[in-house]
There are 2 protein chains.
Amino acid sequence: MKVINHRANKLKVIYGPAVAVDAVLFTLDQGQLKVLLIKINNGPYQNKWALPGGLVQLNETLDEAAKRVLFQKTNIGDIHLEQLYTFGDLKRDTRGRVISVAYFALVSHPNNYKVKTTPYYSEITWQPIKNLPLMAFDHRKIIEDALERLKAKLEYTNIVYSLLPKEFTLTDLQKTYEIILGKKLDKRNFRKKMIFSSLIEKTGKKRKGEPHRPARLYRFAERKLKLI
Amino acid sequence: MKVINHRANKLKVIYGPAVAVDAVLFTLDQGQLKVLLIKINNGPYQNKWALPGGLVQLNETLDEAAKRVLFQKTNIGDIHLEQLYTFGDLKRDTRGRVISVAYFALVSHPNNYKVKTTPYYSEITWQPIKNLPLMAFDHRKIIEDALERLKAKLEYTNIVYSLLPKEFTLTDLQKTYEIILGKKLDKRNFRKKMIFSSLIEKTGKKRKGEPHRPARLYRFAERKLKLI
DNA sequence: ACAAAAGTGTTAGACATACACCCATGA
DNA sequence: TCATGGGTGTATGTCTAACACTTTTGT
């Protein structure tokens, strides 16, 4: 691999890795944590699944590249992506030396987005994290790291807001935590903490049409990332 | 900038950023937190200071590149480097598009290493973090981010072990924390926590030759990174 | 004997954990 | 009226924070 680089106004050829971005996109669906995967249609990784990703262009920052790639490959836009880690093993892409700057983000529900396919990526799907298919590159590792980061951030940020709709019940919120953390939480303690944290506030409304006592609806006080 | 990349056994030219690594190396000296800087000798950043860094080669991982660059530029080897973040702004290097994967590490005392200069880097120095000179690239920002990460890691890891000699007193240890965190800590509470954490253990020895009550010497139970 | 740093314990408040019953509604 | 999930309080243990005096040594 060769990098041709303008330095001191001369065209200078240097050899170096190519730079890609990959996005780990989580959502909740049917009581499961899922991740967005794309099926590769040809080349050495044919029929394997991968994260949406692509090469970084010269005229875009890494953050911009992550957003662009995600939008181009999946039609998902306008979400907050956070840089996760940069993966640089020699053999992570058998076709050549490529390092990947991985990003992760959460989206509220798969049905809110119309994903699309491309000639190179023939299928696109939300795959349960517990049941990942055969993955291309080191993408399984990237997903595992992203999940670990997500769990950690649950504890000290309001990051879940992007997984939930505008209005939700405390039980919805608790289920979200339980699914991601993979463990049961105590209802009374959870509610105490959430209400006291003042990350959420009552809407005054109740959820109707279910054959039980109606649950109060809450909203997030602010729909942007905050430390608790 | 152009990246020539073997894909599917054909030489394919693609345009993309070059990839560099930069290392933020911290130490304690004379009661101050210092960072290793290098003076750039020519080009648009002449006479500015920078972190030791360099381009990533095709045959090395990012971690290996960080180690190699640090060793070549400063003669410092055999330390644990941790990836910090990847910086990818368009104009961070005026000479061309370069993204930088930043690493950080701690070393015990500057005198333990014989740093050296190169034609491109004319001077090398440990600079107090409170008093940084005019810096090249976005290296001031990288140092600030590294410092923030270091403070955070103090709270939940034994990372300070690499700043201290084999044997040290509890007062040494407390001063180390106070310098990095930039605040005073309560002596009794600090000792209680440290001793109870079982990260450190008594050597049975005492420091001699000072005109006061001799302090007990401690060592780290394990000299590798652990969560508390 | 004195100067200087080493060393030590207790109390109060904040926070996490464990735990069981009544309430409101639709069917 | 019953089935179902919604909603609530208290007691206990753990961790953090505030706080001042005695001990040991070299000079």
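So you know, we letter chains A, B, ... as the sequences are listed, proteins then strands, and number each from 1. All values derive from a computational prediction rather than experimental measurement.
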For [X] against [Y], the heavy-atom pair lying closest together:
X	Y	result
A:Ser100	A:Val21	OG-C, 4.2 Å
A:Pro133	A:Gln127	CD-CG, 3.6 Å
A:Lys153	A:Phe104	CD-CZ, 4.3 Å

Practice item. Look at the aromatic rings of B:Phe168 and B:Phe220 and report parallel, tilted or perpendicular, splitting at 30° and 60°. Key: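 Ring orientation of B:Phe168 relative to B:Phe220: tilted.
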Practice item. On the 0 to 90° scale, with breaks at 30° and 60°, tag the B:Tyr45-B:Phe137 ring pair as parallel, tilted or perpendicular. Key: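 Ring orientation, 0 to 90° scale: tilted.
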Practice item. Specify the angle, to 10°, made by the local axes at the two ends of the helix from C:dA1-D:dT27 to C:dA27-D:dT1 when five pairs are taken at each end. Key: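 That helix has its two terminal axes inclined by roughly 10°.
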For [X], which contact category applies under a 4.0 Å heavy-atom criterion: base, sugar-phosphate, or nothing?
X	value
B:Lys192	base
B:Lys187	base
A:Arg191	base
B:Thr169	nothing

Practice item. With DNA chain D as reference, determine whether B:Phe196 or B:Gly209 sits nearer its 5' end, using the nearest nucleotide of each. Key: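 The 5'-side residue here is B:Phe196.
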Point to revise | Of A:Asp172 and B:Pro211, the one whose closest DNA chain D nucleotide lies more 5' | key: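 Mapping each residue to its closest nucleotide by heavy atoms, the 5'-most match is A:Asp172.
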Check your understanding: When you list every nucleotide of DNA chain D with an atom under 4.0 Å from a heavy atom of chain B, which one comes first 5' to 3', and which comes last?
Key ->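 Going 5' to 3' along DNA chain D, contacts run D:dA17 to D:dG26.
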Practice item. List in chain and number order the residues that pass ring pair (Phe, Tyr, Trp, His ring centres under 6.0 Å) with A:Tyr218, two or more places apart in sequence or in another chain; answer none if no residue qualifies. Key: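 For A:Tyr218 there are no ring pair (Phe, Tyr, Trp, His ring centres under 6.0 Å) partners, ignoring immediate neighbours.
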Atom-pair distance ([atom1] on [X]; [atom2] on [N]), nearest Å:
X	N	atom1	atom2	result
A:Met194	C:dC15	CE	C1'	15 Å
B:His212	C:dA1	NE2	C1'	16 Å
B:Asn189	C:dA12	CG	C1'	13 Å
B:Gln174	C:dG7	CD	C1'	12 Å
A:Leu185	C:dT17	CG	P	9 Å
B:Phe168	C:dA6	CZ	C1'	16 Å
B:Lys208	C:dA6	NZ	P	16 Å
A:Arg216	C:dA24	CZ	C1'	12 Å

Practice item. Step through the shown structure and confirm whether more than 12 heavy atoms of other residues, nucleotides or ligands are within 6.0 Å of CZ on A:Phe196. Key: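 Open.
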Review point. Does A:Lys48 reach the main-chain N or O of A:Ile40 with its side chain, forming a donor-acceptor pair under 3.5 Å?
Key: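 A pair under 3.5 Å: no.
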**Study point:** Whether A:Asp186 side chain and A:Asn189 backbone form a donor-acceptor pair below 3.5 Å
**Key:**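 Yes, the answer is positive, given that a donor and an acceptor are paired below the 3.5 Å cut-off.
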Exercise for review: Report the residue (A:Asp186 or A:Lys193) whose heavy-atom-nearest nucleotide on DNA chain C is the more 5′ of the two.
Suggested key: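 So the residue in question is A:Lys193.
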Check your understanding: Taking atom types as modelled, is there a side-chain donor on A:Thr61 or B:Arg92 under 3.5 Å from an acceptor on the other?
Key ->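 Not at all, the side chains of A:Thr61 and B:Arg92 share no donor-acceptor pair under 3.5 Å.
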Check your understanding: If you check the B:Arg213 side chain, which of C:dT10, C:dA24, C:dA6 turns out closest?
Key ->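 The listed nucleotide nearest to B:Arg213's side chain is C:dA6.
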